[in-house]
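Since the structure is predicted, the reported quantities are computational estimates derived from the model, not experimental observations.
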4 protein chains.
Amino acid sequence: MFIPMAPTVTPPRLDVLLDAALAVFDELGYAATPVPVIAQRAGVAVGSIYRYVSGKEQLANELYRREKRRMAMALFDGVDLDTAPADVFRTVWDRLGRFAAEHPAALGFLELHHHDPYLDDESRALAAQVDATVGGLLARWQAAGAVRPGDPELLTAQVFGGFVGVVRQCRATGRPIDHHLAELTRDAAWGLLAAPAPNPAAG
Amino acid sequence: MFIPMAPTVTPPRLDVLLDAALAVFDELGYAATPVPVIAQRAGVAVGSIYRYVSGKEQLANELYRREKRRMAMALFDGVDLDTAPADVFRTVWDRLGRFAAEHPAALGFLELHHHDPYLDDESRALAAQVDATVGGLLARWQAAGAVRPGDPELLTAQVFGGFVGVVRQCRATGRPIDHHLAELTRDAAWGLLAAPAPNPAAG
Amino acid sequence: MFIPMAPTVTPPRLDVLLDAALAVFDELGYAATPVPVIAQRAGVAVGSIYRYVSGKEQLANELYRREKRRMAMALFDGVDLDTAPADVFRTVWDRLGRFAAEHPAALGFLELHHHDPYLDDESRALAAQVDATVGGLLARWQAAGAVRPGDPELLTAQVFGGFVGVVRQCRATGRPIDHHLAELTRDAAWGLLAAPAPNPAAG
Amino acid sequence: MFIPMAPTVTPPRLDVLLDAALAVFDELGYAATPVPVIAQRAGVAVGSIYRYVSGKEQLANELYRREKRRMAMALFDGVDLDTAPADVFRTVWDRLGRFAAEHPAALGFLELHHHDPYLDDESRALAAQVDATVGGLLARWQAAGAVRPGDPELLTAQVFGGFVGVVRQCRATGRPIDHHLAELTRDAAWGLLAAPAPNPAAG
DNA sequence: GATGAATGAGTTTTCATTCAT
DNA sequence: TATGAATGAAAACTCATTCAT
């Protein structure tokens with residue numbers, strides 16, 4: 001499969017740490033999060049954190065990669081990408097909705113924050129790889145005439161950004177983020193993506 | 001006009017401060033930005049900042065509101081909203097592209113950062129007001145059958161989020177953010193928004 | 001003159017800091033000295049230290065250089081090095097005794113501690129320069145037949161090390177370090193240095 | 001014999017610990033040495049250290065005493081102190097050179113570091129005892145007219161300090177510390193110690 | 001008004017020591 | 001007995017804010 005799998009199994013203790021960090025980072029942001037708050041949320045002593053990661057920055061990077069992979073898996077793992085684009089799209093979009101509903105902090109951390117000051121090369125590379133993979137899928141759909149032309153990575157960014165924008169709006173207004181969100185936004189998203197119908201007048 | 005105007009004229013010195021803060025906040029994020037860095041960038045002494053604003057938080061809020069208004073003006077000021085929706089949309093989308101090109105830090109600060117921990121009520125209210133205004137426009141377009149049905153604020157969030165996603169992607173990959181971006185994304189955005197053509201077979 | 005002068009005038013506030021650091025470093029050693037203790041001794045807040053030096057390490061290096069120069073000045077400044085070696089030696093040794101008596105912490109810090117882990121290149125270079133300068137003096141005395149042959153830097157290290165050993169012993173036993181120390185050790189030191197009298201039987 | 005013997009036989013495991021501690025203390029200094037680093041160097045788990053000593057401080061004291069005794073033995077054990085002072089001196093000085101060459105870390109740890117903050121009474125007493133013993137030897141030599149007058153402990157400190165100074169200089173400049181060092185410094189050291197020849201003019 | 005040195009609470013990180021396995 | 005993960009007090013350093021000049 002073309003989706004990056006988790007290469008190593010995270011030790012359970014680190015996982016607890018990452019869970020705690022995820023919650024707090026999503027809430028306060030990386031820079032505004034004191035390490036002791038993460039420790040407390042994880043139910044460990046501050047010093048223990050440094051047995052698992054070299055510092056706050058590495059913690060954030062490990063987290064970023066875990067969640068990036070998690071999300072990629074949640075969207076694409078086991079999906080047969082060779083069926084009709086509209087069907088695949090619908091499946092993936094629904095999964096995106098479910099992911100947002102089930103892992104709101106993951107989506108928030110990944111997409112609603114500014115990671116520039118601390119992401120390391122490995123994290124950036126992973127992000128780029130995921131982008132490229134999804135971009136490749138769109139390119140094939142374009143070749144098949146199912147998706148409108150244009151830079152596939154930009155198109156990906158646009159559809160996906162649309163969903164992120166909706167999630168952000170829900171958060172701002174207190175609207176619940178549940179699986180309905182996929183439904184509510186699906187047609188619009190496909191309208192963005194789908195190749196325009198050939199002009200009937202031209203026929 | 002329905003777009004919120006700047007209620008007070010910003011004193012020129014505060015404006016210099018906000019310009020500096022904008023650049024640094026966009027780059028480092030609010031929490032990671034030291035006040036002295038803003039002062040230096042503005043060419044004033046640290047202490048002077050506290051003559052204009054009560055602290056870092058108020059500075060960020062003043063900035064947020066200035067930029068939010070600036071952007072609303074840039075998108076809508078002087079636009080005749082009563083012409084054909086597709087035309088208005090095209091105009092506004094082009095203006096959005098120009099705004100992104102000319103004020104990249106403003107767009108980045110407003111849309112690429114997580115403001116939750118520090119935005120005050122006034123700033124939130126302004127954001128809500130802008131959303132509502134744009135939502136109202138979309139609602140009228142829906143009533144006119146030009147835009148697909150659905151919660152207009154969600155739809156707004158989705159189109160706009162799409163553009164933000166594209167800008168974010170450009171930043172991540174180093175692709176320049178210029179006025180072409182509007183062109184490149186316009187059709188997709190309108191595809192997202194536009195009411196689907198009535199089934200020709202049904203005619 | 002061949003002795004390195006203080007190239008810059010230390011700002012008075014930094015001087016206060018260095019005085020405090022000197023006392024504490026000499027007492028506890030560099031690694032065992034908490035920065036707050038230095039701050040308290042200097043009568044300033046912890047944070048203020050970081051306006052003058054970039055950290056504990058730079059503080060120790062500034063201190064090391066200041067004291068190294070101070071000591072070189074105390075020993076050699078204004079001494080006419082072209083008079084008879086035995087007279088010059090006597091003068092310098094007495095000055096060494098006075099320096100030890102008046103600046104016990106300086107001598108202790110410079111000579112009784114292990115500086116390897118934190119001295120920077122500039123400090124090492126200064127130390128080497130002082131060594132070389134004194135070594136040069138000894139070499140001239142050797143050429144004049146006044147001082148026994150052998151690597152002049154080793155010879156310097158040996159006489160000077162003798163004095164340091166005595167100071168260390170005094171500290172260990174609680175014996176006061178005063179100007180008598182120079183007197184008490186002078187003949188032995190010159191016995192170490194002086195060229196052995198030609199064998200009278202050989203004449 | 002007047003030289004303090006090791007009163008207890010060190011358990012072999014503790015010896016391994018002390019060897020590791022010696023290497024690291026000499027390199028980093030007591031205060032800057034983390035206990036885990038010692039454990040790693042010794043090839044044992046951190047926790048195991050606390051089965052043999054009560055903590056870092058006791059470890060350093062055990063080490064100090066072991067090395068102090070080791071050195072005293074290395075210098076004096078088996079030496080017939082009743083032969084001619086110059087011969088005894090020569091022997092001991094050569095042994096000192098050999099000790100420095102063979103146990104550079106021991107000499108470094110004992111003589112190049114500041115032990116004040118952690119040495120306990122037992123260690124201080126041992127040091128004093130060694131000093132006194134050597135001082136007694138010197139006093140006898142003075143009585144025999146072989147060594148110049150003056151406080152014998154100060155004289156000891158001065159000769160020995162000379163050697164330490166030379167070792168320190170070698171370390172600073174990267175010069176190897178081998179058995180030649182004894183040779184190179186022997187005459188100077190004896191010049192320091194030896195009673196000055198009676199003034200021939202006075203004869 | 002403007003300045004920037006001074007402050008000290010708060011941040012990240014280290015490390016001596018303990019204790020369940 | 002040996003281990004090494006866990007602890008938390010203490011370390012170095014940062015930075016929002018104040019205030020004397």
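In terms of the side-chain hydrogen bond (donor to acceptor under 3.5 Å, both in side chains) criterion, A:R124 has no residue partners (sequence neighbours excluded). Partners of B:L110 according to the side-chain contact (heavy atoms from CB on, under 4.5 Å) rule, which considers only residues two or more places apart in sequence or in another chain, are B:Y64, B:E67, B:K68, B:M71. Partners of D:H113 according to the side-chain contact (heavy atoms from CB on, under 4.5 Å) rule, which considers only residues two or more places apart in sequence or in another chain, are C:H114, D:D26, D:H115. For D:R65, the salt bridge (Lys or Arg N to Asp or Glu O under 4.0 Å) partners two or more places apart in sequence, or in a different chain, are D:E62, D:D120, D:E122. The side-chain hydrogen bond (donor to acceptor under 3.5 Å, both in side chains) test applied to C:S48 returns no partner, not counting sequence neighbours. Partners of A:D19 under the side-chain hydrogen bond (donor to acceptor under 3.5 Å, both in side chains) rule, at least two apart in sequence or in another chain, are A:R66. Scored by the salt bridge (Lys or Arg N to Asp or Glu O under 4.0 Å) test, B:R51 finds no partners at all (sequence neighbours excluded).
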Taking only distance into account, with no hydrogens and no angle test, what donor-acceptor pairs under 3.5 Å do side-chain atoms of residues 27-41 of chain D form with protein atoms, sequence neighbours excluded?
from	atom 1	to	atom 2	distance (Å)
D:Y30	OH	D:E57	N	3.4
D:T33	OG1	D:G29	O	2.5

Taking Watson-Crick and G-U wobble contacts under 3.5 angstrom, with | marking pairs to another strand and [ ] crossing pairs, the secondary structure of DNA chain E is written .||||||||||||||||||||
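Heavy-atom distances to DNA chain E give each of A:S48 and B:S48 a nearest nucleotide, and the one nearer the 5′ end belongs to B:S48.
Between C:E111 and C:R168 there is no salt bridge, since no side-chain N of the basic residue sits under 4.0 Å from a carboxylate O of the acidic one.
Remark: B:R13 is in phosphate contact with E:dA2, judged by side-chain N or O atoms under 4.0 Å from OP1 or OP2. Look at B:Y52 and you won't find any side-chain N or O under 4.0 angstrom from OP1 or OP2 of E:dG1.
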Close N or O pairs between protein and nucleotides 10-13 of chain E (under 3.5 Å):
from	atom 1	to	atom 2	distance (Å)
E:dT12	OP1	A:T33	O	3.0
E:dT12	OP1	A:K56	NZ	2.8
E:dT12	OP2	A:V35	N	2.7
E:dT13	OP2	A:Y50	OH	2.9
E:dT13	OP2	A:K56	N	2.9

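For DNA chain F, the outermost nucleotides in 5' to 3' order that have an atom under 4.0 Å from a heavy atom of chain A are F:dG4 to F:dG8.
Looking only at distances, a side-chain donor or acceptor of A:Q58 sits under 3.5 Å from a matching main-chain atom of A:S54.
Going from atom CG of B:L14 over to atom P of E:dA2 covers 12 Å, rounded to whole Å.
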